[in-house]
Amino acid sequence: MQEVSPMERIWTTQLRAHVGKRVRLAGWLQRLRQLSHVSFLILRDGKGTAQIVIEDQELAEQLGRLHAESVLVVEGLAVAEPQAPGGIEVRQPTIEVLSPASAPPPFDLFRPRIKAQLPTILDHAPLALRHPRHRAIFYLSAVSMQGFRSTLRALEFVEIQTPKLVASATEGGANVFAVDYFGRPAYLAQSPQFYKQIMVGVFERVFEVGPVFRAEPHDTPRHLNEYVSLDVELGFIKDHTTVMDVLAQVLRGMLAALHEDAGDALALLGVKLPEVPEKIPALHFAEAQELIFKQTGEDARGEPDLAPQHERWLGEWALREYGSEFLFVTGYPMVKRPFYTHPDPERPKYSNSFDLLFRGLELVTGGQRLHRYEDYLAALASRGLSPEPFEGYLEAFKYGMPPHGGFAIGLERWVARLIEAPNIRETTLFPRDLQRLTP
RNA sequence: GGGCCCGUGGUGUAGCGGCCUAACAUGCAGCCCUGUCAAGGCUGAGAUCGGGGGUUCGAAUCCCCUCGGGCCCGCCA
């Protein structure tokens, strides 16, 4: 092991373009397979892996003393070799140890899957995330966000960032994290809802990618206390159906980005992407309840919301009837929706809102909002809420707001349903839940 | 918040009253093997069975408490 000369470092994924040349790679010692006269070192960098052939006995012994995950710089000759994984390997290497690992990893990163239970994996997230499979999951998140942004930019939406420290609990009060703000009470924002609506008065079309915080003590495989919300809000809409059309376009854009930029990650995870149909099937809430009653005999009519098993059933139904993995449920009862929700002018007990079910799970909530100042005052009053804490928000409506609406996609849920992960924590880098605040 | 279940070497599991001075796989250490690719072979170290109390001649195995974790439901993205 010696100093290697300065030379531009390439990614392992670029090896093919350098066959016949000397190259410089850098990364982590994923695995060393020692045979009697030759050893194979699998080097992993931020994108892929490369096989390094060690024929120097002394070098092999030195490498053998390193723990897995030690950081190396390798310089050697890129050679096309049919026997090598991927058809290319690096020979005659000189190797510099940039940073030796100080202990063996608690689980094997060189296997196709980490063989440990989810809590163990989460406890060791800084290490587990290095595994190519786990890394691929978060690459899907990254490309999904990129597709979200590029689609909306193309539709002339403007990206905003709104405060996460807020003075009042946004959606009615319950389940927010309280923090001490210079001796005054403040809260972690449970949604950018108010600010994105306000910003419709500025840009007409806005979106935000950011964290939201929910202090709900739920303990399920599909809930987190902090998650990433992909928020959209737009003005001059006809009603919630305009918003649904934008959502369908956004989903198509996200999927297109995944097709285009995440092929390797999708292949590694064995994911088959869904298709957004020309027209996503839509069912009114009341019709959905009738359908469930008629076909399953379970009578949930009169319930203000759908139970998870009914959402799953509706998901299967949409796949059967329409070949669609997406299903809109529209017109949720006003009683279940926040005060800013716009009622259905024809049936005021129901709202101009929707949920989008993806593979049987609620992925998106959205709808039309109230836009007249007087309607807000009345909505707050009818719920026994005082307008004072909402003053800044209400100012937007006092000075004229167009009919508008929007939606929010849960990023971790989106990826979880894409890869069909049984637990949302698998698609969250460092999950925050009832028990988990570290790492 | 309600219900159900689990806690055994680093990791994943088996054992569920005496044959357990705890087994298997993998990792780890050492030796061997000219091409591996979840490499292979041999040898070895490593857990007093989450913690505490109890029942019993005898407990990883049964009971109680406690701590930690999982699933379902509620609620939501």
Side-chain angles (χ1 to χ4, degrees), chain A residues 30-42 49-55 57 60-61 64-65 67-68 79 81-89 91 101 103-124 127-128 131-133 171-172 174-175 190-193 211-231 303-312 332 336-338 355-358 361-366 407-417 422-425 427-428 433-436:
Chain A
Q30 180 162 284
R31 184 64 166 161
L32 182 69
R33 284 190 278 270
Q34 290 188 281
L35 284 71
S36 67
H37 289 89
V38 63
S39 295
F40 299 96
L41 188 162
I42 308 303
T49 56
Q51 170 162 289
I52 318 296
V53 183
I54 319 287
E55 287 172 301
Q57 201 58 35
E61 278 173 33
R65 285 195 284 272
H67 290 126
V79 176
E81 168 56 68
Q83 292 180 87
I88 299 170
E89 63 188 17
R91 295 202 194 142
F107 38 68
D108 306 330
L109 290 176
F110 59 87
R111 295 181 190 284
R113 289 164 189 269
I114 294 178
K115 211 183 160 194
Q117 297 213 324
L118 187 57
T120 308
I121 290 173
L122 295 178
D123 285 344
H124 297 283
L127 186 67
H131 184 98
R133 255 189 106 81
E171 314 205 354
N175 300 331
Q190 63 178 172
S191 155
Q193 183 62 34
V212 296
F213 305 90
R214 305 279 165 100
E216 289 149 25
H218 39 38
D219 190 4
T220 82
R222 56 187 187 283
H223 288 98
L224 297 164
N225 295 294
E226 175 179 354
Y227 68 91
V228 176
S229 184
L230 306 179
D231 269 273
E303 291 293 324
D305 204 352
L306 297 170
Q309 80 265 20
H310 291 149
E311 291 184 348
R312 283 192 287 274
Y332 280 78
K336 277 302 286 183
R337 294 277 155 160
D355 273 8
L356 180 72
L357 305 185
F358 173 39
L361 182 69
E362 182 183 330
L363 175 70
V364 186
T365 292
F407 59 85
I409 305 172
L411 176 65
E412 293 86 349
R413 273 197 183 180
W414 162 249
V415 179
R417 291 330 302 142
N423 194 312
I424 195 164
R425 289 160 184 78
T427 60
T428 308
D433 63 29
L434 225 40
Q435 359 276 340
R436 201 171 287 277

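In the text below, chain A, chain B and the rest are named by the order of the sequence lines, each starting its count at 1.
As a whole-Å value, the separation of A/Glu89 CD from B/U34 C1' is 13 Å. In this structure, A/Arg413 atom CZ and B/C75 atom C1' are separated by 10 Å, rounded to whole Å. Regarding A/Gln309, its CD atom lies at a distance of 11 Å from the C1' atom of B/G74, rounded to whole Å. In this structure, OH of A/Tyr332 is placed 10 Å from P of B/C76, rounded to the nearest angstrom. Atom C1' of nucleotide B/G40 and atom NE2 of A/His37 are separated by 17 Å, given to the nearest angstrom. Distance, A/Ile424 CD1 to B/C75 P: 18 Å, rounded to whole Å. Between the CD1 atom of A/Ile52 and the C1' atom of B/G35 there is a distance of 15 Å, given to the nearest Å. Atom-to-atom, CZ of A/Phe110 to P of B/U36 comes out at 17 Å; the value is rounded to the nearest Å.
Taking atom C1' on both nucleotides, B/A60 is separated from B/G17 by 10 Å, rounded to a whole Å. Atom name P, nucleotides B/G10 and B/A29: the rounded distance is 16 Å, in whole Å. To the nearest whole angstrom, the two C1' atoms, one in B/G9 and one in B/U66, are 24 Å apart. B/G69 and B/C62 have their C1' atoms separated by 23 Å, with the value rounded to a whole Å.
Relative to the side chain of A/Arg214, the nucleotides B/U36, B/A38, B/A77 differ in distance, and B/A77 lies closest. In the set B/C76, B/C28, B/G35, the nucleotide with an atom closest to the side chain of A/Pro104 is B/C28. Side chain of A/Ala84, nearest nucleotide from B/G74, B/C76, B/G35: B/G35. For A/Ala116, taking side-chain heavy atoms from C-beta onward, the closest of the listed nucleotides B/G12, B/A77, B/C73 is B/G12. With B/G74, B/A77, B/U36 as the candidates, the nucleotide lying closest to the side chain of A/Pro308 is B/G74.
Within the cation-pi definition used here (under 6.0 Å to the ring centroid, within 45° of the axis), A/Arg417 does not qualify as a partner of A/Phe358.
The closest side-chain donor-acceptor pair between A/Arg214 and A/Tyr227 falls under 3.5 angstrom. A donor-acceptor pair shorter than 3.5 Å can be found between the side chains of A/Tyr332 and A/Asp355.
With hydrogens and angles ignored, the 3.5 Å screen pairs a side-chain donor or acceptor of A/Thr427 with a backbone N or O of A/Glu412. Counting only distance, with no hydrogens or angles, the side chain of A/His223 and the backbone of A/Glu216 share no donor-acceptor pair below 3.5 Å. With A/Asp433 contributing its side chain and A/Arg436 its backbone, the two residues share a donor-acceptor pair below 3.5 Å.
Residue-level contact check: A/Ile409 touches neither bases nor backbone, having no heavy atom under 4.0 Å from any strand. At a threshold of 4.0 angstrom between heavy atoms, the contacts of A/Leu363 are confined to the sugar-phosphate backbone, with no base atom among them. When heavy atoms are screened at a 4.0 angstrom cut-off, A/Arg312 is found touching the sugar-phosphate backbone but no base atom. Looking at heavy-atom distances under 4.0 Å, A/Val212 makes no contact with the nucleic acid at all. Within the 4.0 angstrom heavy-atom criterion, no nucleotide atom of any strand lies near A/Arg113. The residue A/Asp355 sits apart from the nucleic acid: no heavy atom pair falls under 4.0 Å.
Between A/Glu311 and A/His124, it is A/His124 whose nearest contact on RNA chain B lies nearer the 5' terminus. Along RNA chain B, the nucleotide nearest A/Leu306 and the nucleotide nearest A/His67 are compared for position; the residue whose nucleotide lies closer to the 5' end is A/His67.
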Could you go over nucleotides 6-10 of chain B and give all protein N or O partners under 3.5 Å, atom names and distances?
unit_1, atom_1, unit_2, atom_2, d
B/G10, O2', A/Pro106, O, 3.3

Protein and nucleotides 66-71 of chain B: nitrogen or oxygen contacts under 3.5 angstrom:
unit_1, atom_1, unit_2, atom_2, d
B/C71, OP1, A/Asn423, ND2, 2.8

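Side-chain atoms of A/Phe213 and A/Gln190, non-hydrogen and from C-beta on, never get closer than 4.5 Å to each other. Using a 4.5 Å heavy-atom threshold, the side chains of A/Glu55 and A/His37 count as separate. Here the side chains of A/Ser229 and A/Ile409 are not in contact, with every heavy-atom distance at 4.5 Å or above.
For A/Arg33 against B/C33, no side-chain N or O and base N or O form a donor-acceptor pair under 3.5 Å. Not a single donor-acceptor contact under 3.5 angstrom links the side-chain atoms of A/Gln34 to the base of B/U36. Side-chain to base pairing of A/His223 with B/C75: one donor and one acceptor N or O lie within less than 3.5 Å of each other.
Taking every heavy atom of both residues into account, A/Arg337 and A/Gly366 meet most closely at NH1-O, 4.0 Å. Smallest separation of non-hydrogen atoms from A/Ala60 and A/Ile54: N-CG2, 3.7 Å. For A/Gln57 against A/Ser36, the heavy-atom pair with the smallest separation is OE1-O, 3.5 Å.
Between A/Lys336 and the phosphate of B/C76, there is a side-chain N or O to OP1/OP2 separation shorter than 4.0 Å. Side-chain nitrogen and oxygen atoms of A/Thr120 include none within less than 4.0 Å of the OP1 or OP2 phosphate oxygen of B/U11. Phosphate contact (OP1/OP2 of B/A29, side-chain N/O of A/Arg65, threshold under 4.0 Å): absent. Look at A/Thr365 and you'll find a side-chain N or O under 4.0 angstrom from OP1 or OP2 of B/A77.
In summary, A/Arg91 and A/Glu81 engage in a salt bridge, as defined by a charged side-chain N under 4.0 Å from a carboxylate O.
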Query raised in the report: Which is it for A/Glu362 and A/Arg222 under the salt bridge (charged side-chain N to carboxylate O under 4.0 Å, His left out) test, yes or no, and what are the steps along the way?
Result: CA-CA 10 Å; A/Glu362 182 183 330; A/Arg222 56 187 187 283; over 6 Å; no

Requested in this report: Could you provide the dot-bracket string of RNA chain B, using ( ) for intrastrand pairs, [ ] for crossing pairs and | for bases paired to another strand, with Watson-Crick or G-U pairs below 3.5 Å?
Outcome: ((((((((.[[[[.)..(....]]]].(((((.......))))).....[[[[[..)....]]]]])))))))....

